[in-house]
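Numbers restart at 1 for each chain; the letters A, B, ... are given by sequence-line order, proteins then strands.
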Amino acid sequence: MEAESEFKEYYAKNMRGISGWFKARAYTIERWLYAAHRITGILIVLFVLAHFYSTGWHPGLWWDALLGIIVTFHTANGIRLILAELGFAVGKPLLVKKPSQRPVSIEGVQRYLVVFALVLFFVLAAIWAYYALVVQPMMG
Amino acid sequence: MSSEEAKEYALPPEVLEETIRASEELWKPVRKIKFRIYKYNPRKDYAPHWEEHELEVSRGMTVLDALLVIKGEMDHSLGVRYSCRMGLCGSCAMMINGKQMLACQTRVLEAAGDGDVVELRPLDNFPVERDLAADFTSFFEKHKAVKPWIIRNDEVELNNPTGPYKQTVDEYARYYQFTDCIKCGACLSACPTAATDYEYLGPQALAQAYRYMVDTRDDGLDVRIPIVDSEHGCWRCHFAASCSDVCPRGVDPAQGIQLLKKLLIKRKFGFKPHKPAEALPAKVKAERKE
Ligand code: SF4
Ligand code: SF4
Ligand code: FES
């Protein structure tokens with residue numbers, strides 16, 4: 001009986017739950033970045049917990065590069081989010097709208113910020129990977 | 001108008017013919033589309049199920065038109081909410097092929113794209129009323145929670161106005177964009193934060209809070225700050241911008257929320273966006289009842 005009412009409530013409420021964070025299809029690139037930011041954020045927390053448990057613990061060569069991807073993405077996108085959320089680069093409210101006006105906060109200057117964040121991510125991730133995969137093993 | 005004049009204003013026959021032809025073209029059935037419709041009555045059904053209907057659609061047919069044909073001819077029990085049919089009342093927002101849109105503003109062929117299936121669901125993250133109609137009670141409560149009206153301290157002037165409040169075009173431009181909101185709920189439904197936080201005020205309410213906070217006629221900045229600067233307030237937004245992406249009226253609530261955050265931070269440093277506007281002397285003097 002309990003299970004049945006829960007089941008009913010689930011459909012009546014129609015909440016997407018955690019899957020809603022990752023429902024990025026059909027939306028703009030910012031939504032994908034949002035989903036990726038969530039995942040990388042959670043993974044960083046998990047890594048830090050493991051790291052606290054034993055600071056000597058090291059994930060190993062390729063994992064190290066993966067960790068680099070996670071951290072650099074979170075950093076680069078974080079810079080974009082800080083700027084956007086403090087109200088920079090989202091543009092000004094419009095006085096005149098076109099018939100099917102697209103939002104200025106997405107398709108205005110903010111898009112350059114997206115490009116900037118992605119480029120920064122690739123550069124940082126490449127440097128990290130180079131260090132983790134080439135320099136580190138050389139130094140033993 | 002005399003018949004002579006009427007002739008002068010009438011369309012030339014070839015233009016008239018072209019107009020009629022174009023409109024016939026628009027309403028001529030061109031393709032068979034399959035509609036997958038979510039059917040669920042939370043008071044009766046154990047679980048939702050899908051129903052499929054096939055319909056010949058024309059280029060001009062909107063999803064709402066199609067739903068009304070289906071309701072009239074195939075499934076009378078279909079629950080769908082609509083009113084104005086022209087994108088002004090905000091009743092008909094639903095998930096059309098997985099994205100929040102107004103049924104009356106989306107043409108079937110546009111929604112179907114290259115495929116021939118249109119899938120219709122009630123809005124995500126809203127309780128289901130029946131079939132495609134969502135329950136807006138909490139949505140409207142959230143809107144009300146941010147006090148979406150002009151707050152002023154000069155009771156006397158407010159209740160017995162002597163003239164209009166002063167406002168320049170630049171001041172009007174600060175908030176005009178947000179006044180276009182029709183409370184369709186698409187933005188809250190698209191928001192990933194709302195998917196897990198039931199009490200999140202949501203893009204609609206937060207954008208409206210900003211709209212009133214920067215209105216020069218308003219003096220309620222400090223009244224609204226504790227409401228939006230709360231656990232379920234504007235800091236829950238992480239700029240996924242899907243709210244602005246789906247907004248059918250170009251309200252751009254994501255922009256409003258980010259500007260709201262900026263305003264809150266500035267306020268912490270003692271900044272106030274404006275002094276409440278004064279009333280201009282009216283051209284026609286009204287007699288004040290004290
Ligand atoms: S802000 Fe846009 S999407 Fe949200 S309720 Fe208003 S009109 Fe609808
Ligand atoms: S910008 Fe904020 S309010 Fe809008 S969808 Fe994203 S998280 Fe939600
Ligand atoms: S019926 Fe009014 S907005 Fe669609």
[X] side chain vs [Y] backbone, donor-acceptor pair below 3.5 Å:
X: A:Lys97; Y: B:Gly250; answer: yes
X: A:Lys23; Y: B:Ala190; answer: no
X: A:Glu85; Y: B:Gln258; answer: no
X: B:Asn125; Y: A:Arg16; answer: yes
X: B:Gln255; Y: A:Ser105; answer: no
X: A:Asn14; Y: B:Leu123; answer: yes

So what's closer than 4.5 Å to chain A heavy atoms on [X]: side chain, backbone, both or neither?
X: B:Pro253; result: neither
X: B:Thr193; result: both
X: B:Leu264; result: neither
X: B:Ala134; result: neither
X: B:Tyr198; result: both
X: B:Cys234; result: neither
X: B:Met101; result: neither
X: B:Arg249; result: backbone

Hey, are the side chains of B:His238 and A:Trp21 touching, using non-hydrogen atoms and a 4.5 Å cut-off? no
List the residues meeting ring pair (Phe, Tyr, Trp, His ring centres under 6.0 Å) with B:Tyr200, not counting sequence neighbours, and say none if there are none. none
Taking heavy atoms only and a threshold strictly under 4.5 Å, list by residue number the residues of residues 108-120 of chain B that touch chain A; give 'none' if the list is empty. none
Got a salt bridge between B:Asp252 and A:Arg102, using NZ or NE/NH1/NH2 to carboxylate O under 4.0 Å? no
